[in-house]
Amino acid sequence: MEQMKVSIPDHFILGAASSAWQTEGWAGKKDSQDSYMDIWYKNNKNVWHNGYGPGIATDFYHRYKEDISIMQEIGLTHYRTSINWSRFLVDYENAVVDEDYAGYVDNVINELIDKGVEPMICLEHYELPAALFEKYGGWNDRHVVDLFVKYAEKVFERYGRKVKHWFTFNEPIVVQTRVYLDAIRYPFEQNTQKWMQWNYHKALATAKVVALFKEKQLHGQGAKIGVILNPEVTYARSSAPHDQDAARIYDLFFNRVFLDPSIKGEYPAELMDLLHKHNILFEHTEEDLTVIRNNTVDYVGINLYYPHRVKARTTAWNENTPFHPAYYYEMFDMPGKKMNPFRGWEIYPQIMFDMATRLKEDYGNIEWFVAENGMGVENEFKYKDESEVIQDDYRIEFISEHLKWLLKAVEQGANCKGYMLWAFTDNVSPMNAFKNRYGLVEINLEENRNRKLKKSAFWYKEIIKAREITVKNDDFIK
């Protein structure tokens with residue numbers, strides 16, 4: 001197949017992402033500063049691949065200068081990470097800052113800026129303090145919303161005039177979906193009501209932090225605030241009404257539950273009706289709904305990895321079990337789909353175009369960017385050449401195909417401002433640990449976590465410099 005070049009707009013972000021808990025390690029962490037991820041690992045270590053967890057991670061805490069130099073070498077325009085809420089404070093009730101950890105964050109932000117890499121900072125990437133999880137049930141308690149705002153205020157006071165890109169949460173739906181809806185993670189409690197209460201309180205926390213951002217007049221410093229969501233581009237099995245209904249309801253529960261309050265300032269009426277019907281409506285006040293309505297985000301990051309395919313239920317729902325949104329749908333395993341066999345996820349680059357179209361048509365063409373996209377592969381050492389460089393051509397193809405569809409959407413008027421690869425380096429993931437590698441940069445666990453650029457890093461460097469990619473000249477791009 002012939003190839004052709006597609007240009008990348010001059011100011012289009014080409015960066016990479018990670019998080020605090022997945023990179024820093026526990027060096028310098030006080031015993032009282034565990035996060036939810038830390039206590040999950042400590043209490044359920046056997047499910048983490050080969051026992052690797054957040055304890056050492058990639059040791060970014062000690063090696064951030066080395067890593068940021070590599071970012072500069074590759075030419076990353078932006079780097080997204082998080083501040084670890086559980087470590088930033090020593091007193092969560094009164095928001096007393098841990099000067100040791102805050103000093104480390106100072107150094108990371110300054111180093112990024114000095115090296116010409118724009119920092120993008122998220123306030124919570126699964127790093128809910130364990131003390132708040134154990135005392136209040138985490139985001140189930142309205143008080144935790146207020147504590148999060150206190151934490152955000154301390155962060156803004158310290159870094160608000162340096163950092164221009166802020167986000168309240170990364171994937172705010174994930175933790176409670178795994179813990180309370182599907183009960184597949186510690187502490188394994190199926191409770192659909194708690195799931196929905198966590199969803200609501202995180203949406204409210206975003207609105208309250210946006211209000212604080214305005215109060216601090218940080219927009220005047222040229223900064224913006226948003227949230228990073230992971231709506232799954234959802235496709236019905238068929239055009240039949242019953243399949244279309246299944247996809248629409250899935251979309252309500254898992255995508256619009258955050259898209260709508262964050263961007264439109266309101267919840268979909270149909271979702272509210274379903275919450276009433278199944279007795280899982282979140283506790284709320286009209287005053288809080290007004291806060292949500294009046295404090296929508298400036299922009300959104302969207303994490304996109306794979307499509308989600310559903311169909312109408314073909315088996316009866318067990319009415320003796322608590323309500324689960326799957327009452328309305330079943331997963332659809334589409335024959336012939338292209339798969340990443342290591343991660344078990346479908347590869348369907350058109351999700352980029354379809355999400356861009358949706359944000360343009362249904363959400364006022366809000367400014368957004370791809371906050372995560374990437375390909376996890378197991379046993380990557382098998383692909384090393386004679387110079388010990390991983391030849392990850394599969395990752396280059398994956399990024400190229402997804403960027404192709406994304407840039408086509410931009411050409412057609414989508415307000416997408418960039419693409420962030422997950423991840424900058426290989427890093428620890430929940431349960432899978434280092435099993436599936438995502439990085440541009442290899443972390444060698446056998447050799448003191450030494451870093452080595454993969455072929456994709458050199459390729460990414462070239463497309464950042466040239467502002468163009470080479471893609472298959474298929475019917476789409478014509």
Side-chain angles (χ1 to χ4, degrees), residues 85 92-93 95 123-124 128 132-133 135-153 156 166-169 171-177 180-181 191-219 224-229 231 248-300 322-325 328 362-364 366:
W85 176 12
Y92 305 119
E93 299 290 339
L123 294 171
E124 201 254 46
L128 169 74
L132 304 184
F133 184 79
K135 183 175 181 179
Y136 299 113
W139 291 101
N140 196 54
D141 195 311
R142 174 69 169 70
H143 181 57
V144 172
V145 176
D146 297 328
L147 297 182
F148 185 70
V149 176
K150 284 185 179 182
Y151 153 63
E153 184 170 21
F156 291 157
W166 290 101
F167 308 94
T168 53
F169 296 96
E171 298 184 345
I173 198 171
V174 166
V175 171
Q176 62 269 26
T177 299
Y180 295 117
L181 186 64
N191 188 321
T192 309
Q193 173 67 48
K194 276 190 181 179
W195 173 68
M196 190 51 66
Q197 196 67 50
W198 274 52
N199 288 338
Y200 170 69
H201 278 152
K202 287 185 179 180
L204 175 62
T206 288
K208 282 185 164 288
V209 171
V210 169
L212 174 68
F213 198 82
K214 294 175 184 175
E215 180 187 318
K216 297 288 184 182
Q217 299 182 329
L218 292 175
H219 288 107
K224 293 182 289 191
I225 186 161
V227 63
I228 296 166
L229 304 177
R248 188 188 74 258
I249 293 176
Y250 181 92
D251 184 58
L252 282 169
F253 275 106
F254 294 99
N255 298 336
R256 294 185 65 187
V257 68
F258 278 104
L259 282 168
D260 283 45
S262 301
I263 300 172
K264 295 183 176 181
E266 61 186 16
Y267 284 91
E270 185 180 7
L271 176 60
M272 296 297 278
D273 289 343
L274 288 168
L275 300 184
H276 275 290
K277 177 181 176 181
H278 295 286
N279 296 314
I280 57 166
L281 180 65
F282 44 79
E283 293 181 9
H284 64 282
T285 67
E286 288 303 316
E287 179 184 359
D288 285 344
L289 292 180
T290 299
V291 171
I292 290 172
R293 184 162 55 250
N294 294 337
N295 295 284
T296 53
V297 295
D298 299 325
Y299 62 162
V300 287
F323 173 75
H324 186 292
Y328 291 102
D362 297 346
Y363 292 95
I366 188 172

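Model, not experiment: these values are computed from the prediction. These numbers come from the heavy atoms of this one structure, side chains and all, not from hydrogens, waters or symmetry mates.
The closest side-chain donor-acceptor pair between His201 and Asp141, if any, does not fall under 3.5 angstrom. In this structure, a donor-acceptor pair under 3.5 Å is present between the side chains of His143 and Glu93.
Here the straight-line distance linking atom CD of Glu215 with atom CD of Gln217 works out to 9.0 Å at 0.5 Å rounding. Note that CD of Glu266 and OG1 of Thr296 are 10.5 Å apart. Values are rounded to the nearest 0.5 Å. The OG1 atom of Thr177 sits 6.0 Å away from atom CZ of Phe254, with the distance rounded to the nearest 0.5 Å. For the atom pair CD1 (Ile173) and CG (Asn255), the distance works out to 7.5 Å, reported to the nearest 0.5 Å. Expressed to the nearest 0.5 Å, how far CD of Gln176 lies from NZ of Lys194 amounts to 12.5 Å. Here NE2 of His324 is found 6.5 Å from OG1 of Thr192. Values are rounded to the nearest 0.5 Å.
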Please step through side chain to side chain contact (heavy atoms under 4.5 Å, CB included) for the pair Leu132 and Leu147, ending with a clear verdict. CA-CA 9 Å; Leu132 304 184; Leu147 297 182; 3.8 Å; yes
Assess the residue pair Asp298 and Trp166 against the criterion (side chain to side chain contact (heavy atoms under 4.5 Å, CB included)); give the C-alpha distance rounded to whole Å, side-chain angles, the decisive distance to 0.1 Å, and a yes or no. CA-CA 10 Å; Asp298 299 325; Trp166 290 101; over 6 Å; no
Test side chain to side chain contact (heavy atoms under 4.5 Å, CB included) applied to Leu274 and Tyr328, step by step: CA-CA 11 Å; Leu274 288 168; Tyr328 291 102; 3.4 Å; yes
Stepwise side chain to side chain contact (heavy atoms under 4.5 Å, CB included) check, Val227 with Phe167: CA-CA 5 Å; Val227 63; Phe167 308 94; 5.7 Å; no
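In this pair, Tyr151 and Trp85 present their aromatic rings parallel. The plane angle is below 30°, not in the 30 to 60° band.
Residues Val297 and Ile366 have side chains in contact (heavy-atom distance under 4.5 Å, counting atoms from C-beta outward). Between Arg248 and Glu270 there is a side-chain heavy-atom pair separated by less than 4.5 Å.
Residues Pro268 and Leu252 come closest through the heavy atom pair CB-CD2, 3.7 Å. Shortest non-hydrogen contact noted between Leu275 and Phe253 is CD2-CE2, 3.8 Å. Pro172 and Ile228 make their closest contact through CD-O, 3.3 Å (heavy atoms, listed as atom of the first residue, atom of the second, distance). Here the closest non-hydrogen pair linking Asn279 and Gln193 is O-OE1, 3.5 Å. Taking all atoms of both residues into account, the shortest heavy-atom contact from Ile280 to Met196 is O-CG, 3.5 Å. What you find for Thr285 and Tyr200 is that their closest heavy atoms are N-OH, 4.1 Å.
Trp198 has its ring centre no less than 6.0 Å from the ring centre of Phe282. Ring to ring, Phe169 and Trp139 are close: their centroids are under 6.0 angstrom apart.
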Side chains of residues 256-263: which donor-acceptor pairs under 3.5 Å do they make with residues two or more places apart or in other chains?
unit_1: Arg256; atom_1: NE; unit_2: Asp260; atom_2: OD1; d: 3.3
unit_1: Arg256; atom_1: NE; unit_2: Asp260; atom_2: OD2; d: 3.3
unit_1: Arg256; atom_1: NH2; unit_2: Asp260; atom_2: OD2; d: 2.9
unit_1: Asp260; atom_1: OD1; unit_2: Tyr363; atom_2: OH; d: 2.5
unit_1: Ser262; atom_1: OG; unit_2: Phe258; atom_2: O; d: 2.8

For residues 203-214, dump all side-chain donor-acceptor pairs below 3.5 Å to protein atoms at least two apart in sequence or in another chain.
unit_1: Thr206; atom_1: OG1; unit_2: Thr168; atom_2: OG1; d: 2.8
unit_1: Thr206; atom_1: OG1; unit_2: Lys202; atom_2: O; d: 3.3
unit_1: Lys214; atom_1: NZ; unit_2: Asn294; atom_2: O; d: 2.9
unit_1: Lys214; atom_1: NZ; unit_2: Asn295; atom_2: OD1; d: 3.1

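The residues Asp146 and Lys150 are annotated as not salt-bridged, no charged nitrogen and carboxylate oxygen being separated by less than 4.0 angstrom.
Within the cation-pi definition used here (under 6.0 Å to the ring centroid, within 45° of the axis), Lys216 does not qualify as a partner of Phe156.
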